[in-house]
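Here the structure is laid out as structure tokens; the discussion comes afterwards.
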Amino acid sequence: MAKNKAAKPRRPRAETPRGFRDYFGAEVTNRAEMLSRVTAVYHAHGFDPLESSAVETVEALGKFLPDVDRPNEGVFAWEDDDEGWLALRYDLTAPLARVYAQHRRDLPNPYRRYAVGPVWRNEKPGPGRFRQFYQCDADTVGAASVAADAEICGMLGEALEAAGIARADYLIRVNNRKVLNGVMEVAGVLDPADPERDAARRGIVMRAIDKLDRLGLDGVRALLGAGRKDESGDFTEGAQLGEAQADVILGFMDARAEDGAGTCARLRELVGGSATGLEGVQELETIAEMLAASGAGHVVIDPSVVRGLGYYTGPVFEAELTFEILDEKGRKRQFGSVAGGGRYDDLVTRFTGEKVPATGVSIGVDRLLAALAAKGRAEAAPAGPVVVTVMDRDRMAEYQAMAAELRAAGIRAEVFLGGGNMGKQLKYADARACPVAVIEGGDEKARGVVQIKDLALGARLAANIETREDWQAQPAQMEIARGDLVAEVRAMLARAGG
RNA sequence: GCCGACGUAGCUCAGUAGGUUAGAGCACCAGAUUGUGGAUCUGGGGGUCCCCCGUUCGAGCCGGGGCGUCGGUACCA
């Protein structure tokens, strides 16, 4: 194909980078609304807001040592001429550890703070997985008591309910890493005298337990033993536990009983003589007691919750939504975990050398929003503003005055600023789902009246319109006195809204 | 990362064995309607057929490589 390609200008492609997205109108306002409800709960519990820097030194983020041109997998990092290696934060917890270590002399002890904002992860994105997303965290630093853990759990329930999730629609499952460690001792993969030994195997065990809901008991058993081959033929190395060892772990996961007391009694048996394990069970009992006393949300003790992350040291918990929704193709979909957290007593140690106890929760904002949106799929598109149309360009000031009057009365309103005739203006109003359009031409002006048009009503009537005459009858439009503009528009909005 | 499927207009897709100027529906724009959105009719704009290399007189179609999307799996401080 010897087409003579004249030099076409190379234009930039208008596209969001992979893994990122743009948020429009209602997505932004819905999120802001949800966050303000959630943070109001945090605030009511005495937590202070903290807005820390989005960029941290790689060193402060921890665990990642900057290496020549291969920055850090997982984070967005770059080398600054003066500052060395910097990176965008990948969560809100590591920055908290840094802020606390840096300002601990001036901060109250314990320090309770909440934080909201975007975090960035340089990972392969997938459906529902982005490289920038919002988190909403609350943490208590400097309180070793399980009362702090119980408070966070209860508060999470309150926050979910404030966000619009009914108590029956979510479930907070609580467990304790100490109990798990006790069980590992019994299974012989944790030696209290030599905690480093078998650490890798314990990691595999933990992640295997974490996959119970997806793989089922058989899948987990395979991962505890030799390994598991998935449907695509890929093989995952297992923890190489013997049958008896695996039974101990599986028994632990299955220890959930009718009620918390029953579960704890079983755990107490399973943990046997492990001091750590018994301590963990004791803590679970205390948390259950406290939550029951405070009438907190929907919380159960469930030994199958472990959380994949390695840094947790005590209570861990996860909130999941229990309702199912249908996606756009009619398939059943379940929302997994929308929030999680736990106690991590070692995070600040890196900076100060001291052991500072901390516990907290993180809500996956985007996931929770997606769930709320999916649940209320029937809800109508958010209404646009009232549009004051422009008939005579030289009377712009008068139109602006009308819009200002409406706004002063608390009604969202704008003057049409584009070009084009009446048809174009109403098309614009229609596209924005505006409830009402205001029209004042020279004719109306002379008679001291304006036309107001109920666009939503018009749309409903249009369904039954057959002839052009019906069409032009404009039943959704009424003429009112100019002086009654605010009152009449308000009344029309009320009719449309009711 | 690994395994598999797929990649044609903004969206959903068709495209006959490799053969002129690549199509449809929806959406968008304009006109019918000189002051009225959504119905109807007519017209219009819009494509690097994912990219590169190769085979061929000729490639949306065939071959190789790459990229991307989707599904499964792994990892996720």
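This one's a predicted model, so the numbers in the text were calculated from it and none came from an experiment. In what follows, chains carry the letters A, B, and so on, assigned in the order in which the sequence lines appear, proteins first and then strands, with residues in each chain numbered from 1.
- Between the P atom of B:rG10 and the CG atom of A:D22 lies a distance of 18 Å, rounded to the nearest Å.
- Residues from residues 415-430 of chain A placing a heavy atom under 4.0 Å of any atom in RNA chain B, listed by number, are A:M422, A:G423, A:K424, A:L426, A:K427, A:D430.
- Checked against salt bridge (charged side-chain N to carboxylate O under 4.0 Å, His left out), A:K453 has no partners two or more places apart in sequence or in another chain.
- The side chain to side chain donor-acceptor pair (under 3.5 Å) check on A:Y399 picks up nothing, with sequence neighbours excluded.
- Annotation: side chain to side chain donor-acceptor pair (under 3.5 Å) contacts of A:N175 (sequence neighbours excluded): none.
- Within the nucleic acid shown, A:E237 has no heavy atom closer than 4.0 Å to any nucleic acid atom.
- Applying the side chain to side chain donor-acceptor pair (under 3.5 Å) criterion to A:K445, with sequence neighbours excluded, gives A:E398.
- Salt-bridge formation is not detected for the pair A:D210/A:R307: no Lys NZ or Arg NE/NH1/NH2 atom is positioned less than 4.0 Å from an Asp or Glu carboxylate oxygen.
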Could you provide the dot-bracket string of RNA chain B, using ( ) for intrastrand pairs, [ ] for crossing pairs and | for bases paired to another strand, with Watson-Crick or G-U pairs below 3.5 Å? (((((((..((((.....[...)))).(((((.......))))).....(((((..]....))))))))))))....
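- When the nearest nucleotides of RNA chain B are assigned to A:L347 and A:Q451 by heavy-atom distance, the more 5′-ward of the two goes with A:Q451.
- For A:R201, the salt bridge (charged side-chain N to carboxylate O under 4.0 Å, His left out) partners two or more places apart in sequence, or in a different chain, are A:D198.
- In this structure, A:D213 has no salt bridge (charged side-chain N to carboxylate O under 4.0 Å, His left out) partners at least two apart in sequence or on a different chain.
- With sequence neighbours excluded, the residues satisfying salt bridge (charged side-chain N to carboxylate O under 4.0 Å, His left out) with A:R432 are A:E414.
- With sequence neighbours left out, the side chain to side chain donor-acceptor pair (under 3.5 Å) criterion links A:D392 to A:R395.
- Look at CG on A:L461: it is 19 Å from P on B:rU36, rounded to the nearest Å.
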Tabulated below should be each protein N or O lying under 3.5 Å from an N or O of nucleotides 74-76 of chain B; please produce it.
from: B:rA74; atom 1: OP2; to: A:R214; atom 2: NH1; distance (Å): 3.1
from: B:rA74; atom 1: OP2; to: A:R214; atom 2: NH2; distance (Å): 3.2
from: B:rC75; atom 1: OP1; to: A:R207; atom 2: NE; distance (Å): 3.0
from: B:rC75; atom 1: OP2; to: A:K211; atom 2: NZ; distance (Å): 2.6
from: B:rC76; atom 1: O2; to: A:R129; atom 2: NH2; distance (Å): 3.0

Using the 3.5 Å cut-off, write out each protein N or O paired with an N or O of nucleotides 40-44 of chain B and the distance between them.
none

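- Put simply, CZ on A:R131 is 13 Å from C1' on B:rG68, counting in whole angstrom units.
- Ring centroid separation for the pair A:Y428 and A:F416 comes in under the 6.0 Å cut-off.
- In this structure, A:I452 atom CD1 and B:rG37 atom P are separated by 18 Å, rounded to whole Å.
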